[in-house]
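One structure is given below, encoded as structure tokens.
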Amino acid sequence: MSKTFLAIGECMVEMAPSGSGTYVMGFAGDTLNTAWYARKYLGEDWSVSYYTAVGTDQVSNEMLEFLQAADIDISAVRRLEERTLGLYLIQLKDGERSFAYWRSQSAARCLAADRCALDASLDQAGLIYLSGITLAILPASDRTSLLEALRAARRAGAQVAFDPNLRPRLWENAETMRTCVTEAAGVCDFVMPSFEDEITHFGDADPKASAERYLAAGAGMVVVKNGPEEVICARQGNLRAFQPKPVSNIVDTTAAGDSFNAAFLAEYLTSENVEDAVTAGAGLAGRVIQHRGALVDCLEPA
Ligand code: ADP
């Protein structure tokens, strides 16, 4: 297997309140978070790449510099003159965060529009990682094209990991989201949902039901996260449950699932041991949620 971990998706500009009436600019996105943590967790013999589309303007350049500084390879990223990055603003009211988005015309929506460029980037990958958000932002025909490209990459030996990350507001409607996510699961070696999303949008009775539904859709392995509750790991005919260690002093649960996925996959790709992979995933996520923000340097146990 090629030792390249390739994440595909959208990285946005984040404007976060500084506390003094101004905003601090950063870059964030679910698949980017996973790539960032995978880079920290995988050995030196692995490379980590990000595939997306950005503009040719200054803020797009800054985002690419940010990825490069994190040792994430951006050589396959598409540059589009007529578009730029999506943006979101975090607002605080009485301690509660709310988000406003400007992403409907973002460059990343065109990430799968050039099939040749897409195929060329997938060609290099051993593990391809994407999420339901990656699919949600694409025009319907590009979703089909991306899934075809993933099938071809798999036939050529790559593995595919997918976090459904169900966000109905990004899709045309909830039914399309469910249909497309189910089809995508059938192209995947690893499907890594969070039960809270699955119960809300698929109505599953329990995490085991989520796992069985994705296995029936054709997934190779399903890993269902559920906050502090047991993580379910299932393959056809084999289901195991692992209890994450309790975490105290939880400060901010942003990127819990994204970081779990990175450490789980990094460990599993190396050891093929499910129990060790859950321990790594839950260990990293447990440390991430003890700090504010999505990207936290906390590889060693706190
Ligand atoms: P998401 O961020 O996608 O909603 P979850 O909330 O299900 O993901 O959490 C992902 C993982 O993070 C869990 O499987 C667990 O390992 C860890 N985690 C999240 N919340 C807690 C918590 N309250 N206590 C301990 N571990 C947690």
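Hydrogens, waters and symmetry mates are skipped; everything else that's a heavy atom, side chains included, is used. Numbering of ligands and ligand atoms starts at 1, following listing order.
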**OP:** Please determine if Gly281 has a nitrogen or oxygen closer than 3.5 Å to a nitrogen or oxygen of ligand 1.
**Re:** no
Original post:
For ligand 1, is any non-hydrogen atom under 4.0 Å from Ser194's backbone (N, CA, C, O), its side chain (CB onward), both, or neither?
Top reply: side chain
Original post:
Does Asp163 approach ligand 1 within less than 4.0 angstrom via side chain, backbone, both or neither, non-hydrogen atoms only?
Top reply: neither
Any idea which atoms of ligand 1 are less than 4.0 Å away from a heavy-atom of [X]?
X	value
Ala282	16 (O)
Gly257	1 (P), 2 (O), 3 (O), 8 (O), 10 (C)
Val231	14 (O)
Asn226	7 (O)

Subject >> Aromatic plane relationship, Tyr88 with Tyr101 - under 30° parallel, 30 to 60° tilted, over 60° perpendicular >> reply: tilted
Subject >> Aromatic ring pairing Phe190/Phe264, orientation class (parallel under 30°, perpendicular over 60°, tilted between) >> reply: perpendicular
Nearest protein heavy-atom contact for [atom]: which residue, which atom, what distance?
atom	answer
atom 26 (N) of ligand 1	Val247 CG2, 3.8 Å
atom 23 (N) of ligand 1	Ile250 CD1, 3.2 Å
atom 24 (N) of ligand 1	Pro228 CB, 3.5 Å
atom 12 (O) of ligand 1	Ala285 CB, 3.2 Å
atom 5 (P) of ligand 1	Gly227 N, 3.6 Å

Distance in Å, [X] [atom1] paired with [Y] [atom2], rounded so as to fall on 0.5 Å steps:
X	Y	atom1	atom2	value
Thr31	Leu130	OG1	CG	8.5 Å
Lys3	Leu42	NZ	CG	9.5 Å
Tyr129	Ile8	OH	CD1	11.5 Å

**OP:** Nearest heavy atom to atom 9 (O) of ligand 1 wins, so pick from Gly283, Ala256, Ser131.
**Re:** Ala256
Original post:
So does Lys93 pair up with Glu96, basic N to acidic O under 4.0 Å?
Top reply: no
Subject >> Arg143 with Glu183: basic N within carboxylate O range, under 4.0 Å >> reply: no
Original post:
Can you name the one residue among Asp71, Thr4, Asp73 that meets side-chain hydrogen bond (donor to acceptor under 3.5 Å, both in side chains) with Ser47?
Top reply: Thr4
Original post:
Under the criterion salt bridge (charged side-chain N to carboxylate O under 4.0 Å, His left out), which of Arg109, Arg103, Arg83 is the partner of Glu10?
Top reply: Arg103
